[in-house]
Visitor: 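If you scroll down you'll find the structure; I have some questions about it.
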Amino acid sequence: MLDISAISAGLSSMKVAMDIAKGLKDSTTAINDATVNFKIAELLEAMSEVKMHLVEAKDENIELKEKIKELEKALNQKDEVIFRDGYYYLSAPQSGKPEGPFCSHCYSSSNELTLLTEVTGMLRNMGKYKCPSCEQRFGK
């Protein structure tokens, strides 16, 4: 995978080359030959395409790095939780984090540990817990 700094350097170099080519094209005193002007125009077009591809590669690189971070987080999180009695719980207590129960639907569908809230009052007959994210109820 290309490094962002390498792509950025490529973009900077391309800008310098384009500026030089534009300067040559605009210089009527040094170059009057139509063939040379045409070739410079072709060069500018080709460099513009390269610049566009570098920008696309840079954007893709950023997206891929973000996806890798998400996948690493999900992989690490799999070791942190256990499934018990229909809910997810932290396998080992962590300071500052509740141990559970966490919504099984949210975790299964999007790897999000959403702490379930305990339902009180008359609504308790619809379920002991409610997920604040997906609104599902658990434990009738």
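Bear in mind the structure is a predicted one, so any value in this text is a computation, not a measurement. Note that these values count all heavy atoms, side chains included, but never hydrogens, waters or copies made by symmetry.
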Visitor: Can you tell me how far apart CD (Glu72) and NZ (Lys69) are? Round to the nearest 0.5 Å.
Guide: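 Answer rounded to 0.5 Å: 9.0 Å.
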
Visitor: Show your reasoning for whether side-chain contact (heavy atoms from CB on, under 4.5 Å) applies to Lys128 and Val119.
Guide: CA-CA 5 Å; Lys128 181 178 179 181; Val119 178; over 6 Å; no

Visitor: Quick check on the hydrophobic clustering: are Val55 and Val50 connected, directly or via other members, by side-chain heavy-atom contacts under 4.5 Å?
Guide: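 Yes, because Val55 and Val50 connect within a single hydrophobic cluster, where side-chain heavy atoms sit under 4.5 Å apart.
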
Visitor: To the nearest 0.5 Å, what is the distance between NZ (Lys130) and OG1 (Thr120)?
Guide: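 Reported value, rounded in 0.5 Å steps: 11.0 Å.
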
Visitor: Which value, rounded to the nearest 0.5 Å, describes the distance between Asn61 atom CG and Leu54 atom CG?
Guide: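 Going from the CG atom of Asn61 to the CG atom of Leu54 covers 11.5 Å.
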
Visitor: Which residues pass the side-chain contact (heavy atoms from CB on, under 4.5 Å) test with Glu42, sequence neighbours left out?
Guide: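 Once residues adjacent in sequence are excluded, the partners of Glu42 under the side-chain contact (heavy atoms from CB on, under 4.5 Å) criterion are Phe38, Lys39.
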
Visitor: To the closest 0.5 Å, what do you measure between OH (Tyr129) and CG (Leu115)?
Guide: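 Between atom OH of Tyr129 and atom CG of Leu115 there are 9.5 Å.
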
Visitor: For Ser104, enumerate each residue passing the side-chain contact (heavy atoms from CB on, under 4.5 Å) test, keeping only those at least two apart in sequence or located in another chain.
Guide: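 Partners of Ser104 under the side-chain contact (heavy atoms from CB on, under 4.5 Å) test: Phe83, Tyr88, Phe138.
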
Visitor: Could you give all pairs that pass the salt bridge (charged side-chain N to carboxylate O under 4.0 Å, His left out) test and reach residues 43-52, with sequence neighbours left out?
Guide: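 Matches after skipping sequence neighbours: none remain.
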
Visitor: Any side-chain heavy atom of Cys134 sitting closer than 4.5 Å to one from Thr114?
Guide: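 No, every pair of side-chain atoms sits at 4.5 Å or beyond.
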
Visitor: Quick one: pull up CG in Leu113 and OG in Ser133 and give me the separation to the nearest 0.5 Å.
Guide: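 Spacing of CG (Leu113) from OG (Ser133) equals 11.5 Å.
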
Visitor: Roughly how far, to the nearest 0.5 Å, is the SG atom of Cys103 from the CD atom of Glu135?
Guide: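 Answer rounded to 0.5 Å: 10.5 Å.
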
